[in-house]
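Below: one structure, written as structure tokens.
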There are 2 protein chains.
Amino acid sequence: MKSEPKRDPKRKIDIHYVAAHAGVSIATVSRALNRVPTVDPALAERVWKSVAELNYLPNTQARALVSGKSKLLGLIVSEITNPFFPELIQEFERVAVERGYEILIASTSHDPAKMEVVARRMLERKVDGVAIMTFGFGETFIERFAAIDIPSIFIDSPSKQPRSSTLSVDYREGLYEAVQHLAVLGHRKIGFITGPLHLVSAQARRTAFLDCLKSSGLPAEKSWIIEGDHTLDGGRDAMNKILALNHWPTAIMCSNDMTAIGVQHALFEAKLRVPEDFSLIGFDNIHLAEYTIPPLTTIRMSCKDLAQKAVRSLLSHLQPDGRPETEAVIPTRLIVRQTTGAPKASETTAKPAKKKAR
Amino acid sequence: MKSEPKRDPKRKIDIHYVAAHAGVSIATVSRALNRVPTVDPALAERVWKSVAELNYLPNTQARALVSGKSKLLGLIVSEITNPFFPELIQEFERVAVERGYEILIASTSHDPAKMEVVARRMLERKVDGVAIMTFGFGETFIERFAAIDIPSIFIDSPSKQPRSSTLSVDYREGLYEAVQHLAVLGHRKIGFITGPLHLVSAQARRTAFLDCLKSSGLPAEKSWIIEGDHTLDGGRDAMNKILALNHWPTAIMCSNDMTAIGVQHALFEAKLRVPEDFSLIGFDNIHLAEYTIPPLTTIRMSCKDLAQKAVRSLLSHLQPDGRPETEAVIPTRLIVRQTTGAPKASETTAKPAKKKAR
DNA sequence: CTGAAAGCGCTAACAT
DNA sequence: ATGTTAGCGCTTTCAG
């Protein structure tokens, strides 16, 4: 029986294997890997060489189990098919990976049942922190995570949990610029298509819009405030509701860019033109906004900012030294493109002839 | 000293805690949780009640460590900001979660350096399987995963690794319908904007296009085949190159929808109209295609199909019973919207006056 | 059918 | 500075 217990060629490459290969104990391997400063440089060198040679990858599960840190960050978004979120995800991933964290993405689709599942998934995988980028429904999650003392960050509605931070978006800033822009162009009748109003963020945007109208001395016509749902379809449907009205606004502002693209589509179908018949302003400034026809005037909210601040804040809660960053504000700014212009000179409050085939 | 060792209220809720609460051993708890059929129903019942009452969540890391199964599926995409991928991710997530798997998303951005990192991330986290949806560069990954015997699935280029499956897209099908559609409309001069040609999938699409041209008896003009990169910017730039030519095609086909949207933008800027001046066809049929102005004629490739088949195939490799699904074909089909029409009657091979301000 | 006990691969005391 | 050892929370033999 010629058994060779020490160097079984098909043996799994674990820390013991590396230790044997480098001629040190597993503790030294562990220390070298974790860059503990007290390790003899010569030994560390040997360890790293073995690691490279054997193509050793530490077992994350074992590490997580013993250390209590999963090195996983949760990222909850509402709707991954809204291009705003992929852009945010991309940056979040970049920053998190750079700092040695992996990221667990889940989308709720605004479905309460799914939210429950999503929270469970995050908890089961023992995320070290979680960013709730649903623009609403933060409360649903916050307490769950706070109860288990998982750092969290979410948007718009401040929380008083100790390990929870808030990102507050300054909607007024960009919205005010937008309303002013329209006012200067000569618009006095501005409609607004909101997001789903059960979301605090959608409410915040609507409220900010109303405030800006008031401080610009513009009237707020209730029938021109239509509830959308932040999707293409929602934008189209909302615009069609406005078109069914007897009195039309001359400009439409939207709670996000997808809504605005839906509006453009509704207008296209109705043979109405932008900006000749309606001026249009979106919100988010997704990359696509530059490519709509015509290119969309919109309000920029930097998703990179959002992502970076979220990761940074989360990680700040994870490090014992230095106090956590607990609040950050995200600015917004108007980006003028080609969907805004002066209202028609012939503009009256009477309903124009509609859908006249050209 | 009134110590109460058994029911420390702030004790972590682990399997021992549940076992104590239910009055059974941890082995029974484990078995009940894993639905081992030989457990006494009465005991199982007690365990489940305790689990619910204590809000117990099994520690996934510990589970993974001992079982060797991470219950994690990797999903590698090339570019998360291309809307095709979020749609695919959404479905992938849905199906995977339904089957009890979590999903690890990584995007390569076509960056070889990043690919290395991405592969490492997947390996470190010990994914049970990985879907490589980069539409190219599969080879970079396949071998790495095959070497460690991780099931994988990827697109277009078949692999001979035992635990690796292929999704082959039938590009010809939809492309042929598209070329025929244009031919019937009267087009004989069709240009094509490709994807990045270092991707096998982009090459496959171009080759399929060329074949369809030939079998339709249409000429293939080299200068009308421009390399794009599957992005908005790439589409715009490619179209501008075509516009700089002396002889124009009358129709443009694109390797994906984002490219087509970029083309629409270039045309808009050049004051050219779709479909009056150019007919345009995309590829993918992302949701947005319905909302471009005018709505984009495109070739549908179902990302849901892709996602479902990928997950199913991956999981089939993970179950010992039944043999793995090793190959699936994804159909494609033309969706006619409003970017295709007859070429101008005045159409000649001479270059029309360009950029005349209206 | 149930329980006791042996690890999974690693980190972090605790020795040396 | 390095090695030895005791777990992290769970699944899974192996006895009973």
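In what follows, every chain begins at residue 1, and chains take the letters A, B, ... in the order their sequences are listed.
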Salt bridge or not between A:Arg121 and A:Glu124? Use side-chain N to carboxylate O under 4.0 Å. no

For B:Leu65 and D:dC10, what is the distance between atoms CG and P respectively, to the nearest whole Å? 12 Å

For a quick test of reading the model, state the closest non-hydrogen atom pair linking A:Thr134 to A:Val77 and the distance between them. CG2-C, 3.9 Å

Write down the distance between OH (A:Tyr17) and P (C:dG9), rounded to a whole number of angstrom. 14 Å

If I take atom NZ in residue B:Lys71 and atom P in nucleotide D:dC10, what distance separates them, rounded to the nearest angstrom? 16 Å

Could you check how far CZ of B:Arg125 sits from P of C:dG9, rounded to whole Å? 17 Å

Can you measure B:Arg46 atom CZ to C:dG3 atom C1' for me and round it to whole angstrom units? 14 Å

Closest non-hydrogen contact found for A:Thr166 with A:Asp156 is CG2-N, 4.1 Å

If you apply the rule salt bridge (Lys or Arg N to Asp or Glu O under 4.0 Å), what do you find for B:Glu102 with B:Lys71, and how did you get there? CA-CA 6 Å; B:Glu102 200 48 72; B:Lys71 288 283 195 168; over 6 Å; no

Please encode protein proximity along nucleotides 10-16 of chain C as a string of B, S and -, counting only heavy-atom distances under 4.0 Å. BBBB---

Thinking salt bridges, do A:Lys49 and A:Glu53 make one under a 4.0 Å N-O criterion? no

Given B:Glu327, B:Lys309, B:His317, B:Glu325, the one that forms side-chain hydrogen bond (donor to acceptor under 3.5 Å, both in side chains) with B:Ser165: B:His317

In whole Å, I'd like the distance from the CD atom of A:Glu124 to the P atom of D:dC10. 11 Å

